[in-house]
Student: 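I have a structure here, written as structure tokens, and I will follow up with some questions on it.
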Amino acid sequence: VQLVESGGGLVQPGGSLRLSCVASGSTLDYYTIGWFRQAPGKEREAVTCIGNNHGSTYYRDSVKGRFTISRDNVKNTAYLQMNNLKPEDTAVYYCAAAVGFRLCVISLFGSWGQGTQVTVSS
């Protein structure tokens, strides 16, 4: 499956962005979808994942209550709604896919998008 992210940009603290991840080459029904991020000088980290069964989600503690992951299997697209953004959310955000149900662990995801930059600054 090929993944293309969009929706990043520059936003002030407290603002919102919605990232999209469009898949091609395969249907997303069979995949766990994850959003990961990498800030300058830091390792890539898991932000949130949603299992292929729709109901199972994971969020890292720092984004709970602010970020929401969702998927539209008809549109073959996954989304990351980010509210109340903070400067520490600044990073390149990557969408990734793993066949079947997978834990939100970077090494388990085999398909990656190119990333989209999110910058939170006043």
Student: What's the separation between atom CG in Leu103 and atom SG in Cys49, rounded to the nearest 0.5 Å?
Tutor: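 Answer rounded to 0.5 Å: 9.0 Å.
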Student: Sequence neighbours left out, what passes ring pair (Phe, Tyr, Trp, His ring centres under 6.0 Å) with Phe36? Give chain and number order.
Tutor: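 Counting only residues at least two positions away or on another chain, Phe36 forms a ring pair (Phe, Tyr, Trp, His ring centres under 6.0 Å) with Phe109, Trp112.
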Student: Arg71 side chain to Gly51 main-chain N or O, any donor-acceptor pair under 3.5 Å?
Tutor: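 Checked: pair present.
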Student: Does the side chain of Pro87 come within less than 4.5 Å of Pro13's, by heavy atoms?
Tutor: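 Side-chain contact under 4.5 Å: yes.
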Student: Hey, any chance Val92 and Ile106 share a hydrophobic cluster, counting ILVMFWY side chains that come within less than 4.5 Å of each other, even indirectly?
Tutor: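 Cluster IDs for Val92 and Ile106 match.
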Student: Identify the two heavy atoms, one from Thr48 and one from Leu80, that lie closest to each other, and give their separation to 0.1 Å.
Tutor: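 Minimum heavy-atom separation between Thr48 and Leu80: CG2-CD1, 3.6 Å.
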Student: Is the backbone N or O of Gly7 less than 3.5 Å from a side-chain atom of Arg18, with the two atoms forming a donor-acceptor pair by type?
Tutor: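 Between the backbone of Gly7 and the side chain of Arg18 there is no qualifying donor-acceptor contact (under 3.5 Å).
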Student: Do you know which two heavy atoms are closest between Thr32 and Phe101, and how far apart they sit?
Tutor: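 Taking Thr32 first and Phe101 second, the nearest heavy atoms are OG1-CA, 3.3 Å.
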Student: Nearest 0.5 Å, what's the CD-OG distance between Gln2 and Ser111?
Tutor: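 Between Gln2 CD and Ser111 OG, I get 7.5 Å after rounding to 0.5 Å.
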Student: Asn76 and Thr27: side chain to side chain contact (heavy atoms under 4.5 Å, CB included), yes or no, with the steps?
Tutor: CA-CA 6 Å; Asn76 232 26; Thr27 177; 3.8 Å; yes
Student: Any chance you could lay out the side chain to side chain contact (heavy atoms under 4.5 Å, CB included) test for Ser24 and Val1, step after step, and finish with the verdict?
Tutor: CA-CA 6 Å; Ser24 61; Val1 62; over 6 Å; no
Student: Please answer whether the main-chain N or O of Cys95 pairs with a side-chain N or O of Glu5 as donor and acceptor at a distance below 3.5 Å.
Tutor: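 Side chain of Glu5 to backbone of Cys95: a pair is present.
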Student: Nearest 0.5 Å, please: how far is CG in Asn73 from CG in Asp29?
Tutor: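 So the gap between those two atoms works out to 4.0 Å.
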Student: Is it the case that more than 12 heavy atoms not belonging to Glu43 sit under 6.0 Å from its CD atom?
Tutor: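 Count not over threshold, so no.
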Student: Can you tell me how far CD of Glu45 sits from OG of Ser62, rounded to the nearest 0.5 angstrom?
Tutor: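 Reported to 0.5 Å precision, the distance equals 6.5 Å.
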Student: Would you call Lys64 and Asp61 a salt bridge, using N to O less than 4.0 angstrom?
Tutor: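 Answer for the salt bridge query: yes.
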Student: Using side-chain heavy atoms (C-beta onward) and a distance below 4.5 Å, is Met82 in contact with Leu19?
Tutor: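 Yes, close enough: below the 4.5 Å cut-off.
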Student: Using a 4.5 Å cut-off on heavy atoms from C-beta on, say whether the side chain of Tyr59 contacts that of Cys104.
Tutor: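 Counting from C-beta outward, Cys104 and Tyr59 never come under 4.5 Å.
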Student: Is Val120 reachable from Val47 through a run of hydrophobic residues whose side-chain heavy atoms are each under 4.5 Å from the next?
Tutor: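 Hydrophobic grouping puts Val47 with Val120.
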Student: Would you check, one step at a time, whether the test side-chain hydrogen bond (donor to acceptor under 3.5 Å, both in side chains) holds for Asp72 with Thr77?
Tutor: CA-CA 5 Å; Asp72 184 335; Thr77 302; over 6 Å; no
Student: Hey, which of Thr116, Thr90, Asp89 is the one that makes side-chain hydrogen bond (donor to acceptor under 3.5 Å, both in side chains) with Arg37?
Tutor: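 Checked Thr116, Thr90, Asp89 against Arg37; only one passes side-chain hydrogen bond (donor to acceptor under 3.5 Å, both in side chains): Asp89.
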Student: A side-chain contact here means heavy atoms from C-beta on lying under 4.5 Å apart; do Ile33 and Leu28 qualify?
Tutor: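 Result yes, sub-4.5 Å side-chain heavy-atom pair found.
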Student: Check whether any side-chain heavy atom of Val63 sits under 4.5 Å from a side-chain heavy atom of Trp35, and report yes or no.
Tutor: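 Heavy-atom side-chain distance check fails, nothing below 4.5 Å.
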Student: For residues Gln114 and Val4, determine if any side-chain heavy atom of one lies less than 4.5 Å from a side-chain heavy atom of the other.
Tutor: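 Result yes, sub-4.5 Å side-chain heavy-atom pair found.
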Student: What's the separation between atom CG in Asn83 and atom CZ in Arg66, rounded to the nearest 0.5 Å?
Tutor: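 The CZ atom of Arg66 is 9.0 Å from CG of Asn83, to the nearest 0.5 Å.
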Student: For Gly113 and Tyr94, which heavy atoms make the closest approach, and how far apart are they?
Tutor: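 In terms of heavy atoms, the two residues are closest at O-CD2, 3.7 Å.
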Student: Show your reasoning for whether side chain to side chain contact (heavy atoms under 4.5 Å, CB included) applies to Tyr31 and Leu3.
Tutor: CA-CA 12 Å; Tyr31 293 84; Leu3 305 170; over 6 Å; no
Student: Quick one: does Ser16's side chain get under 4.5 Å of Gln81's, heavy atoms only?
Tutor: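 They are in contact (side-chain heavy atoms under 4.5 Å apart), so the answer is yes.
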Student: Decide yes or no for Leu17 and Val118: does some side-chain heavy atom of the first lie under 4.5 Å from some side-chain heavy atom of the second?
Tutor: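 When only atoms from C-beta onward are counted, Val118 and Leu17 do touch, with a gap below 4.5 Å.
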